[in-house]
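The model shown is predicted, which means the values in this text are computed figures rather than measured ones. Just so you know, residue 1 is the first one in the sequence shown, and it goes up from there.
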Amino acid sequence: MCGNCGCETPRKIEKPIQQKTNVVEVHANLKSSNDTQAITNRALFDAHDVMVINLMSSPGSGKTRLLEETITALKSQYNMAVIEGDLETENDANRIRRHGVQAEQIATGQGCHLDANMVFKVLGKFNLEKLDVLFIENVGNLICPACFDLGQHLNVILLSVPEGDDKPEKYPVMFRAADVMLISKTDYLQFHDEFNVARAIQSFRKVGNNAPVIEVSSTQSNQLEAWFAYFIETINARDSRSLQERGA
């Protein structure tokens, strides 16, 4: 994986006990620093009434395409922007920009995830006063991204049909973090007899998550309606809570 989050450890360890202690200490310090920054990020988002959605999944599960379709369908109703996380290139950010939406790229180099400090450093490029929703498309990885709070309000996890229906049990930390799981690329179901939607949902439930599960296909507009409805309902619920808090 990478060295910046401590998930890469040396193959040869001369003093196993001391090394293990040091690794634990490094992980704790990294998490503490990240969590502190995440609290600051969330307070900043809340102060500007911006809802922040963290998209996580394996590479190639359809995160960017889902964003493109969501922006196309709903940009007349909401002011949206995107932070893109990848090891290299601005390919995904450029795809988003073609839809007339601001997208800022974070190139992590060898990093396998985004963290709260990376996100904070690019926030100055956005006019948060004018935004309703900020999407963060995390680095494609089913392990480390779930361990780092970015200050988001919602975790959306994609499980694509080509990956197999047992991924939640194989990567429980990621799928436990989901506020909603999207089973993506459902148009592939006709070619993947081994993927069973019911089994995928059961696998998701086995890791202890009772969050909603929505089937989506970005190539079939009618297969995105449930996602759009969930998205709108979630934003409206957040706006309603904000009004109540102000009234109080």
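Counting only distance, with no hydrogens or angles, the side chain of D115 and the backbone of N34 share no donor-acceptor pair below 3.5 Å. In this structure, D179 contributes its side chain and N155 its backbone to a donor-acceptor pair below 3.5 Å. With hydrogens and angles disregarded, a donor-acceptor distance shorter than 3.5 Å links the side chain of D165 to the backbone of N196. A distance-only check finds a donor-acceptor pair linking the side chain of H153 to the backbone of V52 [under 3.5 Å]. With hydrogens and angles disregarded, a donor-acceptor distance shorter than 3.5 Å links the side chain of E163 to the backbone of S160. In this structure a side-chain-to-backbone donor-acceptor pair under 3.5 Å is present from N209 to A178. The backbone N or O of Q223 sits nowhere less than 3.5 Å from a side-chain atom of S217 that would complete a donor-acceptor pair. No donor-acceptor pair closer than 3.5 Å links the side chain of S203 to the backbone N or O of R199. With Q152 contributing its side chain and L150 its backbone, the two residues share a donor-acceptor pair below 3.5 Å. Judged by distance alone, with hydrogens and angles left aside, the side-chain atoms of D86 form no donor-acceptor pair with the main-chain N or O of E88 at under 3.5 Å.
Between D46 and R238, at least one side-chain nitrogen of the basic residue sits less than 4.0 Å from a carboxylate oxygen of the acidic one, meeting the salt-bridge criterion. Residues R97 and E90 are paired through a salt bridge, judged by an N-O separation under 4.0 Å between the basic side chain and the carboxylate.
Using bins of under 30°, 30° to 60° and over 60° for the plane-to-plane angle, the ring pair Y188/H192 lands in the tilted bin. Between F231 and F135, the ring-plane angle classifies as parallel under the 30° and 60° cut-offs.
With a 4.5 Å cut-off on side-chain heavy atoms, E84 and I106 do not count as touching. Taking the side chain as every heavy atom from C-beta outward, I71 and E68 never approach each other to under 4.5 Å. Put simply, the side chain of F148 does not reach to within 4.5 Å of the side chain of D35, judged on heavy atoms.
The side-chain contact (heavy atoms from CB on, under 4.5 Å) test with F204 is passed by exactly one of K167, R176, M181: M181. Between L134 and the options N79, V82, L123, V119, a side-chain contact (heavy atoms from CB on, under 4.5 Å) holds for only L123. Considering E137, R95, E69 as possible partners of T64, the one that fulfils the side-chain hydrogen bond (donor to acceptor under 3.5 Å, both in side chains) test is E137.
Grouping the Ile, Leu, Val, Met, Phe, Trp and Tyr side chains by contacts below 4.5 angstrom, directly or via other members, places V213 with L159. Hydrophobic clustering keeps I201 apart from V216 (ILVMFWY residues linked when any side-chain heavy atoms are closer than 4.5 Å, directly or through intermediates).
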Would you please test I235 and D132 for side chain to side chain contact (heavy atoms under 4.5 Å, CB included) and show each step?
-> CA-CA 9 Å; I235 293 176; D132 298 310; 6.0 Å; no
Would you please test V161 and S184 for side chain to side chain contact (heavy atoms under 4.5 Å, CB included) and show each step?
-> CA-CA 6 Å; V161 168; S184 62; over 6 Å; no
Given K63 and D92, is the salt bridge (Lys or Arg N to Asp or Glu O under 4.0 Å) satisfied, shown in steps?
-> CA-CA 10 Å; K63 296 188 298 297; D92 289 349; over 6 Å; no
